[in-house]
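Structure, as structure tokens:
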Amino acid sequence: LGGIYAARQKYDDAAAAYTDALDMLKRLYPGQDRDELVLLSGDLARVRAAQGKYADAEALRRDALAMARRLRKGDHVSVVVCLGELGLLL
């Protein structure tokens, strides 16, 4: 749902949808690192950047990168993607 809103440039609605999904995953898997959280954090970061909320976007990108590194020890494509997305934001 968040992706549809983002594609239509309804960023407030997209942010709400992504935030709801993140919150739900955090309730379902308290204290756990999950690939889904990495992806959704990246999606929400993209929306926050589109809204001009760069500090929020950067924090989300950094959290996603840290989680990806915890999930994937050593070299892994998900870590590379997170690094690239953070770099594009900065």
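Computed from heavy atoms alone, side chains included, the values below leave out hydrogens, waters and symmetry copies.
- A distance of 10.5 Å separates CG in Asp33 from CG in Asp63, rounded to the nearest 0.5 Å.
- With rounding to the nearest 0.5 Å, the separation of CG in Leu44 from CG in Leu37 is 11.5 Å.
- Once rounded to the nearest 0.5 Å, the distance linking NZ of Lys53 with CG of Leu60 reads 11.5 Å.
- Under a 4.0 Å N-O distance rule, the pair Arg46/Asp43 qualifies as a salt bridge.
- The OH atom of Tyr18 sits 10.5 Å away from the CG atom of Leu39 when rounded to the nearest 0.5 Å.
- A distance of 6.0 Å separates CD of Glu36 from CG of Leu25, quoted to the nearest 0.5 Å.
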Could you walk me through whether Asp12 and Gln51 satisfy the side-chain contact (heavy atoms from CB on, under 4.5 Å) test, starting with their C-alpha distance in whole Å, then the side-chain angles of each, then the deciding distance to 0.1 Å, before giving a yes or no?
CA-CA 8 Å; Asp12 290 340; Gln51 292 175 309; 2.8 Å; yes
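- Residues Leu65 and Leu90 are members of one and the same hydrophobic cluster, defined by side-chain heavy-atom contacts under 4.5 angstrom among Ile, Leu, Val, Met, Phe, Trp and Tyr.
- Nearest heavy-atom pair, Arg34 versus Leu71, reported as atom, atom and distance to 0.1 Å: C-CD1, 3.6 Å.
- Clustering ILVMFWY residues whenever any of their side-chain heavy atoms sit less than 4.5 angstrom apart, transitively, puts Val47 in a cluster other than the one holding Tyr54.
- Nearest heavy-atom pair across Gly2 and Ala14 is O-CB, 3.4 Å.
- A single hydrophobic cluster is not seen to contain both Leu88 and Val79; linkage of ILVMFWY side chains at heavy-atom distances under 4.5 Å, directly or through other members, places them apart.
- When all heavy atoms of Ala57 and Ala49 are compared, the pair lying nearest together is CB-N, 3.8 Å.
- Put simply, Val80 and Leu83 are part of two different groups of oily side chains (I, L, V, M, F, W, Y) that touch within less than 4.5 Å, one to the next.
- The CZ atom of Arg27 sits 6.0 Å away from the CE atom of Met24 when rounded to the nearest 0.5 Å.
- A heavy-atom distance below 4.5 Å is found between the side chains of Val38 and Cys82.
- Across all their heavy atoms, Thr19 and Arg48 have their closest contact at OG1-NH2, 4.3 Å.
- When all heavy atoms are compared, the tightest approach of Ser78 to Arg72 is OG-CG, 3.5 Å.
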